[in-house]
Structure formats: structure tokens, C-alpha cells
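Excluded from the calculations below are hydrogen atoms, water molecules and symmetry mates; all remaining heavy atoms, backbone and side chain alike, are included. The structure presented is a predicted model; accordingly, all values stated were derived computationally and were not measured.
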Amino acid sequence: MKTQLSQPDLLSAISRKWDIAFVRLRADLSLAGSPERTAWRSVVESGDGRLFVLERIPSKVYGVKRRIAEILQQLSDRGMQQVAAYLPDASGEFVHLINHGLWQLSPYVSGVVLDRPAYAMDGWRGDAAADFLIRLIRASRQAPLALDPSSFSITAYTLDLFTTLSGRAPEIADRYRPFMAHLEKRLFPVVERLPMGFCHGDVHPINIIWGARSIRAVIDWEFCGVKPEIYDLANLLGCLGMEDPQSLGGPFVHRLVSRLRRSTIFSDESWDALPNLMLAIRFAWLSEWMRKNDRPMIRLEADYMALLLEHRKDLEAMFFRAA
């Protein structure tokens, strides 16, 4: 996307706003995460060699982006440096209006490229992911965060999506109907009574910037908010299984679940609901495949959901044994 400012004018403008002398854009450096979260983004370098991520955001998400920045700053202040919080200016403002554009700035965090799908069998990643989730939950419980007062309902979301799907693509809805029937019987009657908590909302391996043996940062917080407390784990497990179904019985998952079990960070009710919550969250991924009209992924998602449903008892036993 072309900005309305020349590159020198843009660098000069953001330098004044954040009181950092920026000298060049670094188009040679790749960025992790989804480019769809912003209108434009690039790595930018300061005169002393530091690297940052400069993002232009659509005006329609100004309120959400500002609230996310406030939440990440609160978490950072509580010791969660892996959130890579946005940088405020001297007055504490996180979003700036520059020449009719809204801009944010955050530290650039480099990482090690994932070896896909082999990474899904790395046990140390399970330890690191569990430690991140434990620290995130404990930090969020210290004091109230700047959250939207409404909480996310997986029941309402999934039912609404399936209603839309039934009207627009009934042949696809028929393929997913058995999974909905199961959730309506096994999950929806209990999920609203599960303990709720602050969640990242989109934890999966591609939204983690990995170091050689650590997590350097977790990015893309657009879906953060109040959800069932075990939501992030359910999404992460579901994504690992989608990468490689065998990984659900492998070292990454075993050490992830074992570490979280030992921490007692989640209630027994949440653990009981975990396999069904994994299945429900896959409907959010189905929505993504539908939006992109990705027919192969729509078919693959149905096959994967069938696998999760068929082996639900095996997953329950595995999560229990991991304790």
C-alpha cells in the first residue's frame, strides 16, 4: 500500500511523534503474523540501529487497537515482556494521527523459522508454551485489565456461523451438521458455566515468535478478551493437531498439558470440556476458510473435525494421564 507521505516525510513525522530518530524502512526484513491485521506495515530502523514495527491501521479499528495497546502495556508492566507491547509517546498515547493515517509502533522481534510440521513434535516447545500461558493467566488475575466488558460466547458464535452457512452453502453445512449436533448436546449446555478468564484468543504456533529454545514474543492480540479460561489451550491443541494429527500424542502436547495440569491453573470443569471446546473452536477456522473460499481447506477441516470427534475419548484419556 502507498502512503500519502514520501518515505523521508513519513520517517520525519513518526520520529517527532515518538521522539526516536528513524532513518529508514527495512523492507528486507520479514514480519511474523497476519498482514490482514493492518492496512500497511514495515520494519523501521532508528539511527542507533534499533528495529521497530510501524503499522498503519484502519480507522474502523481505532478503538479496538487502542484498547489492545492498553492491555499489552498493563501486561508488560506486570512482567510479561513476551507480549511485545506497543510503544507510547511521552504523553502515553499509543495511536497517532499522521497525515490522515493512524499509526502504531512496537518493538521488532526476530525469531527462528519453524520447521513445519516437525516442530509439532518438539517437547521443549510444550514447556515454553505452558509457561507462557501460566504467566499470562497469573498476570491477568493480578488486577483488572482494560477489557471490553462483554465476553465472547462460543455458543452464540458457532450457532450464528452455522445458521449463515446453512443459508449460503447448505451442502457444506450438511457435512458439518454432525459436529454441531454433538456440540449442542455436549458443550453448549455447560460452556457458559465454565470459569472465564482473560485469553489471547488466537494462540497458535504461527503467532508465536520462537527463539532457539524459547518463546521470544506472542503476537496478533486482536481476539484477546474474556473467554472460557482454557480457550487458548484448546485453540493451540487444535492447531497442532491440524498441522499433524500425530502431534496430539507427541512430546509437544504431552509436556504442554502435563505442565499445565501440574500448575492447577485450570479447573477440573475446564479440563473436562477441553476436547469439545477444541472441536467448537475449529468452526472459527472454518469461517476463515469460507471467507477465503478455500475449498481444499474446507474439506480438510471437516475431515479433521471428524477425527477429533471420533477420538474424543482418547483425547480425554490423554489429558487425564498427562496429570
Side-chain angles (χ1 to χ4, degrees), residues 31-34 37 53 68-69 71-86 106-116 119-143 145 147 195-243 247-248 250-267 270-271 274 277-278 281 319 322-323:
L31 285 164
S34 172
R37 303 280 188 256
V53 178
I68 290 171
I71 291 170
L72 296 185
Q73 185 60 58
Q74 288 178 297
L75 292 171
S76 179
D77 290 343
R78 298 173 193 181
M80 291 291 299
Q81 299 306 308
Q82 291 164 314
V83 303
Y86 289 100
S106 61
Y108 172 74
V109 181
S110 62
V112 177
V113 177
L114 281 176
D115 180 12
R116 301 178 68 179
Y119 78 88
M121 289 293 183
D122 292 338
W124 69 266
R125 297 184 197 272
D127 294 336
D131 287 344
F132 173 81
L133 291 177
I134 292 167
R135 292 178 62 234
L136 176 63
I137 292 166
R138 288 175 176 167
S140 70
R141 290 174 179 174
Q142 288 180 21
L145 296 169
L147 299 174
M196 306 290 281
F198 175 78
C199 296
H200 173 283
D202 198 20
V203 172
H204 59 79
I206 309 304
N207 276 346
I208 297 173
I209 299 178
W210 299 93
R213 300 282 295 184
S214 67
I215 290 176
R216 303 204 64 211
V218 178
I219 59 173
D220 285 1
W221 292 77
E222 272 67 20
F223 299 110
C224 71
V226 177
K227 294 176 170 61
E229 62 175 0
I230 208 164
Y231 186 98
D232 281 341
L233 175 61
N235 188 55
L236 176 56
L237 290 172
C239 290
L240 286 167
M242 187 64 159
E243 183 81 74
S247 72
L248 292 175
F252 188 143
V253 169
H254 178 77
R255 287 166 64 169
L256 168 65
V257 172
S258 295
R259 210 171 185 93
L260 288 169
R261 275 286 201 180
R262 290 195 301 270
S263 76
T264 67
I265 203 79
F266 298 132
S267 68
S270 293
W271 283 109
L274 179 58
L277 188 57
M278 288 171 60
I281 292 173
F319 297 153

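Taking CG of D131 as the start and CG of L136 as the end, the distance is 12.5 Å to the nearest 0.5 Å. Between the CZ atom of R255 and the CG atom of D127 there is a distance of 4.0 Å, given to the nearest 0.5 Å. T264 contributes atom OG1, which lies 9.0 Å from atom CD1 of I134 (distance to the nearest 0.5 angstrom). One distance of note links CG of L145 with CD1 of I68; it measures 12.5 Å at 0.5 Å rounding. In this structure, CG in L75 is found 9.0 Å from CD in Q142, a value given to the nearest 0.5 Å. Taking CG from L133 and CG from L236, the interatomic distance works out to 7.0 Å, rounded to the nearest 0.5 Å.
Between V112 and G211 the shortest heavy-atom distance is CG2-C, 3.8 Å. Counting all heavy atoms, side chain and backbone alike, L147 lies closest to I71 at CD2-CD1, 3.5 Å. Among all heavy-atom pairs drawn from W124 and A212, the shortest one is CZ2-O, 3.4 Å. A pairwise comparison of heavy atoms in G201 and K227 identifies CA-CE, 4.2 Å as the closest pair. G241 and L248 get closest at one heavy-atom pair: CA-CG, 3.8 Å. Closest approach of E229 to F266, counting heavy atoms only: O-CE2, 3.1 Å.
A donor-acceptor pair is defined here as one N or O able to donate and one able to accept, closer than 3.5 Å; no such pair exists between the side chain of R125 and the backbone of A120. Distance alone, capped at 3.5 Å, is enough to place a donor-acceptor pair between the H200 side chain and the D220 backbone. A distance-only check finds no donor-acceptor pair linking the side chain of R141 to the backbone of G197 [under 3.5 Å]. No side-chain donor-acceptor contact under 3.5 Å links D232 to the backbone of C199.
Annotation: side chain of L233 is in contact with side chain of L256 (closest heavy-atom distance under 4.5 Å). At least one side-chain heavy atom of I206 sits less than 4.5 Å from a side-chain heavy atom of R116. In this structure the side chain of F319 reaches within 4.5 angstrom of the side chain of L237, judged on heavy atoms. Between W271 and L260 the shortest side-chain heavy-atom distance falls below 4.5 Å.
A donor-acceptor pair shorter than 3.5 Å cannot be found between the side chains of S140 and R78.
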What do the steps show when you test L240 against Y119 for side-chain contact (heavy atoms from CB on, under 4.5 Å), and what is the final call?
CA-CA 10 Å; L240 286 167; Y119 78 88; 3.9 Å; yes
Worked check of side-chain contact (heavy atoms from CB on, under 4.5 Å) between R138 and I265:
CA-CA 9 Å; R138 288 175 176 167; I265 203 79; 3.9 Å; yes
Determine, step by step, whether M242 and H204 satisfy the side-chain contact (heavy atoms from CB on, under 4.5 Å) criterion, reporting the C-alpha distance in whole Å, the side-chain angles of both residues, the deciding distance to 0.1 Å, and the verdict.
CA-CA 11 Å; M242 187 64 159; H204 59 79; over 6 Å; no
Going through the checks in order, is the side-chain contact (heavy atoms from CB on, under 4.5 Å) test met by L31 and Y108?
CA-CA 8 Å; L31 285 164; Y108 172 74; 3.9 Å; yes
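Using the six-membered ring where Trp is involved, F198 and W221 have ring planes that are parallel, under 30° apart on the 30 and 60° scheme.
Sorted by first and then second residue, the pairs that involve residues 199-211 and meet salt bridge (Lys or Arg N to Asp or Glu O under 4.0 Å), not counting sequence neighbours, are R37-D202.
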